[in-house]
Visitor: 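A single structure is presented below for examination.
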Number of protein chains: 2
Amino acid sequence: MPKDTLPGLTACNYAMLRRATRKLGQFYDDVQAPSGLKATQQGLLYQIHIGDEPAMGAIAAALVMDLSALGHTLKPLIRDGFVETFADPDDRRIKRVRLTRQGLIKLDEAMKLWQVAQQRFEDVVGKEKAERLRAVLDDISALDFDLPPAA
Amino acid sequence: MPKDTLPGLTACNYAMLRRATRKLGQFYDDVQAPSGLKATQQGLLYQIHIGDEPAMGAIAAALVMDLSALGHTLKPLIRDGFVETFADPDDRRIKRVRLTRQGLIKLDEAMKLWQVAQQRFEDVVGKEKAERLRAVLDDISALDFDLPPAA
DNA sequence: TTGATTTAGTGGCATATACCACTTTCGACG
DNA sequence: CGTCGAAAGTGGTATATGCCACTAAATCAA
């Protein structure tokens, strides 16, 4: 097959997803920069906030994120005093996470900027379209793609 | 506002995008693992392949990726002998990129696995829905979200 | 009760990505 | 010509993420 007729990268669902994620990351991060938080960090703080002192595993599951990745991502937030952890008294394997007072203040600050970015996104893309997009993405995160065993 | 009534993370376009990206990354990477390439690397090799010895800047632009990020990402592929670079003879600032013979062979191998993952995705999500999703994501990557100056 | 199994996290290592400061080259202009 | 600003990459630093091997704690079984 001559190269000229090969399909572009646009045929790959994953590549498109990554590319759009980079794009939005650049945008959201830029808008939220004044808060000092990356958009990823703001999202993580928010996820912790809406939970009830969630366990690390619970957070990781909610975000479809590897547990160890969550641990790594949490480190700068702990270092900067926005988040703290403590062992669950009933099961010492479990480590629970919560925002500090500072973390809550910082989250408030970042959320205001988030709203700006979010609003701008919806203005440019369209409210309906954005809503549908989020719904599809939400679905995908919950689906089971495991290939049936070749047996 | 009581925490219980706060909207979930599902309201954020960027968070949804990231979460779905993690999900698909785990899936595509898993399927493509036997080739030894991550799905991101396969995508990058493909992008280079369909270009005509593209310049780094051209690749970065096509992928909406930071130029320095591309440089970093390329390193393991160069180290492993899949990709090589050379200065453009007409403009020594420009560095062009191409696949090595080995890179081409490896790409072929990875593409076969990619097709499996891609097909599975479309089976689970639906062909039409996947197509619409890719189209929306493609649009987003091309949009301009810059906020008009507050002036 | 005790030994095997499972569950929850940690730490190390590797890739993915971004931003910034810096260097090298070009090209435009006086 | 020189000079100067723009263009293309590089390297450093930092976060984001994943997998694997390992440890500690709880559970299940015999």
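Letters A, B, ... are given to chains in the order of the sequence lines, protein chains preceding strands, and every chain is numbered from 1.
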Visitor: To the nearest Å, give me how far apart CG (A:Leu63) and P (D:dG18) are.
Guide: 10 Å
Visitor: Checking contacts here: which listed nucleotide (C:dG9, D:dT15, D:dG12) is nearest the side-chain heavy atoms of B:His72?
Guide: D:dG12
Visitor: What is the separation between atom CG on A:Leu24 and atom P on C:dA16, rounded to the nearest whole Å?
Guide: 21 Å
Visitor: Report the distance from atom CZ of B:Arg18 to atom C1' of C:dA18, rounded to the nearest whole Å.
Guide: 11 Å
Visitor: With a 6.0 Å cut-off on ring centres, are A:Phe121 and B:Phe145 close enough?
Guide: yes
Visitor: Give the rounded distance in Å between these two atoms: CG of A:Leu70 and P of D:dG18.
Guide: 10 Å
Visitor: Classify the nucleic acid contact of A:Arg96 as base, sugar-phosphate or nothing, counting any heavy atom under 4.0 Å across all strands shown.
Guide: nothing
Visitor: From CG of B:Leu45 over to P of C:dT15, roughly how many Å is that when rounded to an integer?
Guide: 14 Å
Visitor: Does A:Arg98 come within less than 4.0 Å of A:Asp52, counting only side-chain N to carboxylate O?
Guide: no
Visitor: Report the residue (B:Ala69 or A:Lys95) whose heavy-atom-nearest nucleotide on DNA chain C is the more 5′ of the two.
Guide: A:Lys95
Visitor: A:Lys38 NZ to C:dA16 P: how many Å, rounded?
Guide: 17 Å
Visitor: Using modelled atom types and a 3.5 Å cut-off, is there a donor and acceptor pairing between side-chain atoms of B:Arg96 and backbone atoms of B:Met56?
Guide: no
Visitor: Looking only at side-chain atoms of A:Met56, point me to the closest of D:dT15, C:dT15, C:dG9.
Guide: C:dG9
Visitor: Separation of A:Leu77 atom CG from D:dT15 atom C1', in whole Å?
Guide: 10 Å
Visitor: Check the interface with nucleotides 20-27 of chain D: list each N/O to N/O pair with the protein under 3.5 Å, or write none.
Guide:
unit_1: D:dA26; atom_1: OP1; unit_2: A:Arg92; atom_2: N; d: 3.1
unit_1: D:dA26; atom_1: OP2; unit_2: A:Arg92; atom_2: NH2; d: 3.2
unit_1: D:dA26; atom_1: O4'; unit_2: A:Arg93; atom_2: NE; d: 3.4

